[in-house]
> 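Sharing a structure here in structure tokens format.
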Amino acid sequence: MNTFEKIYEVVKQIPRGYVATYGQIAELAGNRHWSRVVGYALHSNPQPGVIPCHRVVTKDGDVSRAFAFGGQSRQIELLKDEGVEFVDGHVDMENINGQSVYSKPLN
DNA sequence: AACCTGACTCGCC
DNA sequence: AGGCGAGCCAGGT
């Protein structure tokens with residue numbers, strides 16, 4: 001399984017209402033240094049509709065500025081619609097489900 | 001075929 | 001405290 005495959009697997013397992021950071025995904029995929037690759041992998045987005053790339057945010061909880069899916073606003077709306085708390089235009093990194101962001105087990 | 005760049009993040013200086 | 005470099009992979013020029 002190549003790097004992209006792993007990344008996609010991890011991203012696809014992000015539960016609704018949660019968000020994951022690039023670093024988190026990279027780490028779960030194998031190496032935390034893949035954060036950059038994670039972004040690129042999502043950029044390719046080979047399987048739209050299957051890979052919830054809108055649930056992936058930066059470590060600051062901000063959506064990617066180059067989100068080519070309808071704009072950051074669109075991504076934020078989607079997340080809000082899933083129950084993700086937003087504060088000042090970014091994901092509430094401290095209060096999602098009472099936990100810290102996406103601390104759910106990703107296996 | 002080699003080099004550059006890109007949806008990132010962390011550690012040093 | 002802010003800025004810069006390093007580490008990863010794939011696709012385009």
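Throughout, a chain's letter reflects where its sequence line sits, starting with A, and its residues are numbered from 1. Small disclaimer: the values here were computed from a predicted structure and weren't measured.
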> Distance check needed: C:dC9 C1' versus A:Tyr8 OH, whole Å only.
11 Å

> Let's see if you can work this out: which of C:dC8, B:dC10, C:dC9 has an atom nearest to the side-chain heavy atoms of A:Thr3?
C:dC9

> Starting at CG of A:Leu42 and ending at P of B:dT9, how long is that distance when rounded to a whole Å?
12 Å

> Over how many whole Å does the gap from A:Glu27 atom CD to B:dT9 atom P extend?
12 Å

> What's the NE2-P distance between A:His43 and B:dC8, to the nearest Å?
11 Å

> So which nucleotide from C:dC9, B:dG6, B:dT9 ends up closest to the side chain of A:Val37?
C:dC9

> Please determine, for the side chain of A:Tyr22, which listed nucleotide (B:dC8, B:dC10, C:dG7) has the closest atom?
B:dC8

> Output the distance between atom CE (A:Met93) and atom CG (A:Asp62), rounded to the nearest 0.5 Å.
9.0 Å

> Heavy atoms only: give me the nearest A:Phe4-A:Ala41 pair and the separation to one decimal.
CE2-CA, 3.6 Å

> Check the distance between B:dT9's P and A:Leu28's CG and give it to me in whole angstrom.
14 Å

> Which nucleotide in the set B:dT9, C:dC9, B:dG6 lies at the smallest distance from any side-chain heavy atom of A:Tyr40?
B:dG6

> Is A:Val84 reachable from A:Val87 through a run of hydrophobic residues whose side-chain heavy atoms are each under 4.5 Å from the next?
no

> Output the rounded distance in Å from CH2 (A:Trp34) to P (C:dA10).
9 Å

> Atom CE of A:Met93 to atom P of B:dT9: distance rounded to whole Å?
9 Å

> I want to verify a distance call: between C:dA10, C:dC9, B:dC8, whose nearest atom is closest to the A:Arg36 side chain?
B:dC8

> Check the pair A:Lys80, A:Glu85 against salt bridge (charged side-chain N to carboxylate O under 4.0 Å, His left out), reporting the backbone distance first and the verdict last.
CA-CA 6 Å; A:Lys80 276 179 160 182; A:Glu85 294 296 318; over 6 Å; no

> Rounded to whole angstroms, how far apart are CD on A:Glu5 and C1' on C:dA10?
13 Å

> Pick the closest DNA chain C nucleotide for A:Ser35 and for A:Asn2 by heavy atoms, then say which residue is nearer the 5' end.
A:Ser35

> Could A:Glu9 and A:Lys6 be called an ion pair, given the rule that one side-chain N must be under 4.0 Å from one carboxylate O?
no

> Heavy atoms from C-beta onward define the side chain here; which of B:dC10, C:dC8, B:dT9 lies closest to that of A:Arg32?
B:dC10

